[in-house]
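Order of appearance sets the numbers: ligands from 1, and atoms from 1 within every ligand.
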Amino acid sequence: MAISGKAKLAGVIGWPVGHSLSPRLHGYWLAEHGIDGAYVPLPVRPEDCRAALRMLPKLGFAGVNVTVPHKETAAKAVDVLDTAAMCIGAVNTVVVEADGHLAGSNTDGFGFLENLKAGAKGWKASAGAAVVIGAGGAARAITAALLDAGVPEVRIVNRTPARAAALANDIGGAITVAAWPDRAKALTGAALLVNATSLGMKGKEPLDLDLGPLPKDAIVTDIVYAPLETPLLKVAATRGYKTVNGLGMLLHQARPGFHRWFGVEPKVTAALREFVLQGLDG
Ligand code: ATR
């Protein structure tokens with residue numbers, strides 16, 4: 001769509017950024033709503049991240065998404081953080097306020113929960129403990145969101161124990177840590193299993209986890225969306241567990257930013273899903 005000289009501007013800052021599906025996703029919504037605006041990839045080297053972010057108000061940007069490897073730098077570069085970003089120590093959405101200040105938020109946990117609610121209609125936070133595999137930024141966002149939603153206990157299992165301990169310490173609340181070799185045992189009595197590592201992603205090894213101890217009515221979900229059905233989700237589905245793939249987390253985490261920058265609340269639809277998936281194949 002042609003844009004005017006008054007077009008609203010947003011984008012995604014990353015390095016590299018060529019793989020990002022965000023321009024395709026936001027571009028779909030811009031076209032769907034006939035908005036005079038643009039969402040562009042911004043390839044920014046790590047050493048330039050802070051300066052690039054601070055320049056956004058001067059360039060007239062409404063804001064940006066922040067992706068790997070800049071999320072922690074962005075948390076330090078902005079003027080204010082929302083509770084989630086503060087707790088996680090990482091920012092994925094920056095809004096340029098009317099006075100030029102930069103407001104940083106983290107919508108990964110929101111995206112995760114929205115995807116879970118949409119994909120597993122009967123899911124209730126009160127159903128029982130959640131097991132989160134991983135202790136990186138994604139695991140932090142998911143753990144904070146689950147506790148916030150009222151999950152009674154989050155069990156963290158991570159290959160590197162120190163990172164699991166740091167996560168538990170930083171986020172606080174009802175978090176327990178299980179050792180990596182005990183990961184199958186940690187599934188006992190759980191209502192939800194989340195893979196928040198990159199294991200199972202195209203080109204990486206699958207998550208090696210025996211689902212035997214996981215109750216039959218538990219839900220299994222993955223943050224990996226390429227492939228859409230990870231080896232973990234495949235095994236879980238074969239064993240009769242309800243599964244939720246990771247694509248919706250990507251789609252839903254984008255909603256708050258789009259709303260703030262372009263003034264329209266976008267929807268996650270089957271057609272959007274299809275369109276973004278085509279970007280994955282290409
Ligand atoms: P993100 O911020 O996107 O979550 P990250 O900080 O690199 O990314 O975290 C990746 C997660 O995948 C970590 O929990 C990592 O475990 P470590 O903390 O031990 O590094 C996990 N991970 C990656 N490769 C792994 C592997 N081969 N085996 C087990 N865990 C792995």
May I have the list of side-chain donor-acceptor pairs in residues 118-141 shorter than 3.5 Å, sequence neighbours left out?
{"from": "Lys121", "atom 1": "NZ", "to": "Ala118", "atom 2": "O", "distance (Å)": "3.3"}
{"from": "Arg140", "atom 1": "NH1", "to": "Asp170", "atom 2": "OD2", "distance (Å)": "3.0"}
{"from": "Arg140", "atom 1": "NH2", "to": "Asp170", "atom 2": "OD2", "distance (Å)": "2.9"}

Practice prompt. For the pair Asp79 and Arg54, evaluate salt bridge (charged side-chain N to carboxylate O under 4.0 Å, His left out) and give the outcome as yes or no after the intermediate values.
Written response: CA-CA 10 Å; Asp79 300 303; Arg54 297 308 316 181; 3.2 Å; yes
Worksheet entry | Residue among Leu193, Leu214, Ile219 satisfying side-chain contact (heavy atoms from CB on, under 4.5 Å) with Tyr241 | Leu214
Worksheet entry | Shell of residues surrounding ligand 1, defined by a 4.0 angstrom heavy-atom cut-off that is strict | Gly134, Ala135, Gly136, Gly137, Ala138, Asn158, Arg159, Thr160, Arg163, Trp180, Thr197, Ser198, Leu199, Lys204, Glu205
Expected list for residues 18-27: side-chain donor-acceptor pairs under 3.5 angstrom, two or more places apart:
{"from": "Ser20", "atom 1": "OG", "to": "Ser22", "atom 2": "N", "distance (Å)": "3.1"}
{"from": "Arg24", "atom 1": "NE", "to": "Phe275", "atom 2": "O", "distance (Å)": "2.8"}
{"from": "Arg24", "atom 1": "NH2", "to": "Phe275", "atom 2": "O", "distance (Å)": "3.0"}
{"from": "His26", "atom 1": "NE2", "to": "Asn65", "atom 2": "OD1", "distance (Å)": "3.3"}

Worksheet item: Does CG in Asp208 sit with more than 12 non-hydrogen atoms of other residues, nucleotides or ligands closer than 6.0 Å?
Response: no
Worksheet, complete the sentence: Sorted by chain and residue number, the salt bridge (charged side-chain N to carboxylate O under 4.0 Å, His left out) partners of Arg255 (sequence neighbours excluded) come out as Glu114
